[in-house]
Amino acid sequence: MALDEETLNQFVESVRRYVRDRLIPLEMQVAEEDQIPEDVIAEMKEMGLFGISIPSEFGGLGLSMSEEVAIIQEMGYTSPVFRSMFGTNVGIGSQGIVMDGTPEQKEKYLPKLATGELIGSFALTEPDAGSDAGSVRTSARRDGDDFIINGTKRYITNAPRAGIFTVMARTGTREEGARGVSAFLVDAKLPGISLGKPDQKMGQKGAHTCDVIFEDVRVPANALIGGKEGQGFKTAMKVLDRGRLHISALSVGTAKRLIDESVSYASGRKQFGTEIANFQLVQAMLADSQTEYYAGKCMVEAAAKSFDAGEAVSMNASSCKLFCTEMVGRVADRAVQVHGGAGYISEYCVERFFRDVRLFRLYEGTSQIQQLVIAKHLIRNAEHSPG
Ligand SMILES: Cc1cc2nc3c(=O)[nH]c(=O)nc-3n(C[C@H](O)[C@H](O)[C@H](O)COP(=O)(O)OP(=O)(O)OC[C@H]3O[C@@H](n4cnc5c(N)ncnc54)[C@H](O)[C@@H]3O)c2cc1C
């Protein structure tokens with residue numbers, strides 16, 4: 001544990017209070033204006049949220065995975081756009097540097113990522129390379145001591161605010177697949193970088209994505225994470241376990257909120273002369289959601305403990321991501337059902353959450369990609385019996 005129990009409990013409690021007192025009342029405004037107020041971003045920086053996963057020697061809180069899961073469940077109780085604002089700094093925007101960066105790269109970037117002074121974005125996806133991430137076409141060609149980057153990245157979260165992009169680009173041949181991909185730390189202000197127009201998304205208004213276009217962008221060789229070519233994919237895979245547990249915890253937190261909203265609505269809404277909470281068919285929906293929420297919570301907390309113990313968790317991290325993100329989709333669907341027609345009206349937050357949580361099944365590896373990862377581990381680790 002990075003924090004003693006009392007300090008952790010206090011931090012969890014302060015995030016819980018902040019979510020309820022400050023963020024939930026702002027949800028509607030943020031969705032309508034498609035913007036998080038700047039003072040809220042400043043407050044989240046002040047609370048240390050941008051640096052929860054960055055080691056304390058670089059100014060972060062250095063939380064263990066279990067501690068991060070506890071905090072992110074609390075953040076999941078409100079609109080996911082607030083978490084998205086610091087999510088890239090906590091996840092792949094910083095963890096590649098934490099795990100594989102050179103001492104100079106750590107010194108240069110981690111302290112600023114930890115405070116939120118610098119926003120890190122992760123640029124992997126391309127128009128023709130999504131799930132098949134090893135097929136990226138963006139190229140990084142050696143030119144003396146430098147590399148020249150060319151290519152287009154798609155749906156890049158926080159790109160409009162980013163000060164630094166972790167760019168996955170091909171230094172090897174197409175035939176080398178993932179082995180020919182390297183990770184670069186690219187200053188967003190470099191000449192040759194431009195942004196596409198903001199994507200109009202189904203949900204998560206207030207979180208922004210767009211294309212990032214690289215045209216003959218010259219970066220020095222020391223921009224290569226870890227200083228080694230062809231390691232980019234290995235770095236990405238290492239940080240993915242953490243990211244998948246993070247999204248699972250977020251899904252669990254949102255499921256809790258949706259259940260609370262559903263119970264509250266069902267206890268107030270009357271039909272046939274009584275609260276709809278008294279109808280057993282409504283109770284069944286609530287009970288199913290609570291059961292699935294509890295299963296997801298237990299899963300992600302157990303996998304986080306196992307991560308902290310240094311055990312191999314890739315299969316379980318994918319199982320958590322698959323189950324928890326699909327689970328919150330079902331919970332959101334039931335929440336709309338419990339609300340009846342009101343569930344389809346944007347005045348009620350379940351309508352917004354229904355759209356917001358749809359993303360969890362798509363990014364950081366779709367549900368199908370998680371299934372493939374789980375099956376790959378199962379088959380590889382199978383003990384073949386002679387019979
Ligand atoms: C709001 C948002 C934010 C995002 N943020 C980022 C970001 O910050 N950085 C970044 O790099 N990317 C980001 N992404 C991209 C995201 O990670 C990809 O969209 C996702 O990985 C899926 O890739 P794709 O869209 O190309 O879908 P595809 O890979 O084209 O998949 C389409 C469908 O085919 C299925 N499929 C594909 N391959 C297989 C297979 N082998 N077996 C079975 N089914 C398969 C998929 O599961 C899916 O159902 C973001 C996307 C969104 C929408």
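Atoms within a ligand are numbered from 1 in the order they appear, just like the ligands themselves.
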Problem - Protein heavy atom at shortest distance from atom 24 (P) of ligand 1 - result: Gly130 CA, 3.9 Å
Completion exercise
When distances are taken from atom 42 (N) of ligand 1, the protein heavy atom at minimum range is Leu372 CD1, 3.6 Å
Problem - Sub-4.0 Å protein heavy atom next to atom 4 (C) of ligand 1 - result: yes
Practice task
Keeping the roles fixed (side chain from Thr125, backbone from Gly130), state whether a donor-acceptor pair exists under 3.5 Å.
Solution key: no
Exercise for the section: Before accepting this row, confirm whether a basic side-chain N of the pair Glu126/Arg170 lies closer than 4.0 Å to the acidic partner's carboxylate O. Expected result: no
Practice task
Return yes if some donor-acceptor pair links the side-chain N/O of Ser251 with the main-chain N/O of Ile247 below 3.5 Å, else return no.
Solution key: yes
Handout entry: Selection residues 195-222 - residue pairs positive for salt bridge (charged side-chain N to carboxylate O under 4.0 Å, His left out), sequence neighbours left out
Key = Asp143-Arg218, Asp146-Arg218, Arg154-Asp211
Problem - Protein contact to atom 14 (N) of ligand 1 [nearest heavy atom, distance to 0.1 Å] - result: Tyr155 O, 3.5 Å
Fill in the blank from the handout: Among non-hydrogen protein atoms, atom 8 (O) of ligand 1 lies closest to Thr157 N, 3.0 Å
Handout entry: Subset of ligand 1 atoms that lie under 4.0 Å from at least one heavy atom of Phe122
Key = 7 (C), 8 (O), 9 (N), 10 (C), 11 (O)
Handout entry: Lys/Arg N to Asp/Glu carboxylate O, Lys108 vs Glu104, below 4.0 Å
Key = no
Practice task
Answer yes or no for atom 34 (O) of ligand 1: protein heavy atom present at a distance under 4.0 Å?
Solution key: no
Handout entry: Modelled atom types, side-chain donor and acceptor of Gln368 and Ser131, under 3.5 Å
Key = no
Handout entry: Other ILVMFWY residues reachable from Val212 by side-chain steps of under 4.5 Å
Key = Phe147, Ile149, Ile156, Phe165, Val167, Phe184, Val186, Leu190, Ile193, Leu195, Phe214, Val217, Val219, Leu224
Problem - salt bridge (Lys or Arg N to Asp or Glu O under 4.0 Å) assessment of Glu261 paired with Arg257 - result: CA-CA 6 Å; Glu261 292 287 343; Arg257 169 74 182 278; 2.8 Å; yes
Problem - atom 52 (C) of ligand 1 within contact range, any protein heavy atom under 4.0 Å - result: yes
Handout entry: Between His208 and Arg161, a side-chain donor and acceptor under 3.5 Å
Key = no
Practice task
Give the residue and atom name of whichever protein heavy atom lies nearest to atom 27 (O) of ligand 1, and the separation in Å to one decimal.
Solution key: Ser131 OG, 4.2 Å
Problem - Within-cutoff protein neighbour (heavy atom, under 4.0 Å) for atom 46 (C) of ligand 1 - result: yes
Fill in the blank from the handout: Quick look: Lys201 vs ligand 1, heavy-atom contacts under 4.0 Å, and the answer is side chain
Problem - Atoms in ligand 1 with a heavy atom of Leu359 nearer than 4.0 Å - result: 1 (C), 2 (C), 52 (C), 53 (C)
Practice task
Report the nearest protein non-hydrogen atom to atom 49 (O) of ligand 1: residue, atom name, distance rounded to 0.1 Å.
Solution key: Gln368 OE1, 3.4 Å
Handout entry: Nearest non-hydrogen protein atom, atom 15 (C) of ligand 1
Key = Thr125 OG1, 3.2 Å
Exercise for the section: Would you kindly say whether Ser94 and Asn89 are connected by a side-chain donor-acceptor distance under 3.5 Å? Expected result: no
Handout entry: Which residue and heavy atom of the protein sit nearest atom 39 (C) of ligand 1, plus the separation
Key = Ile369 CD1, 4.2 Å
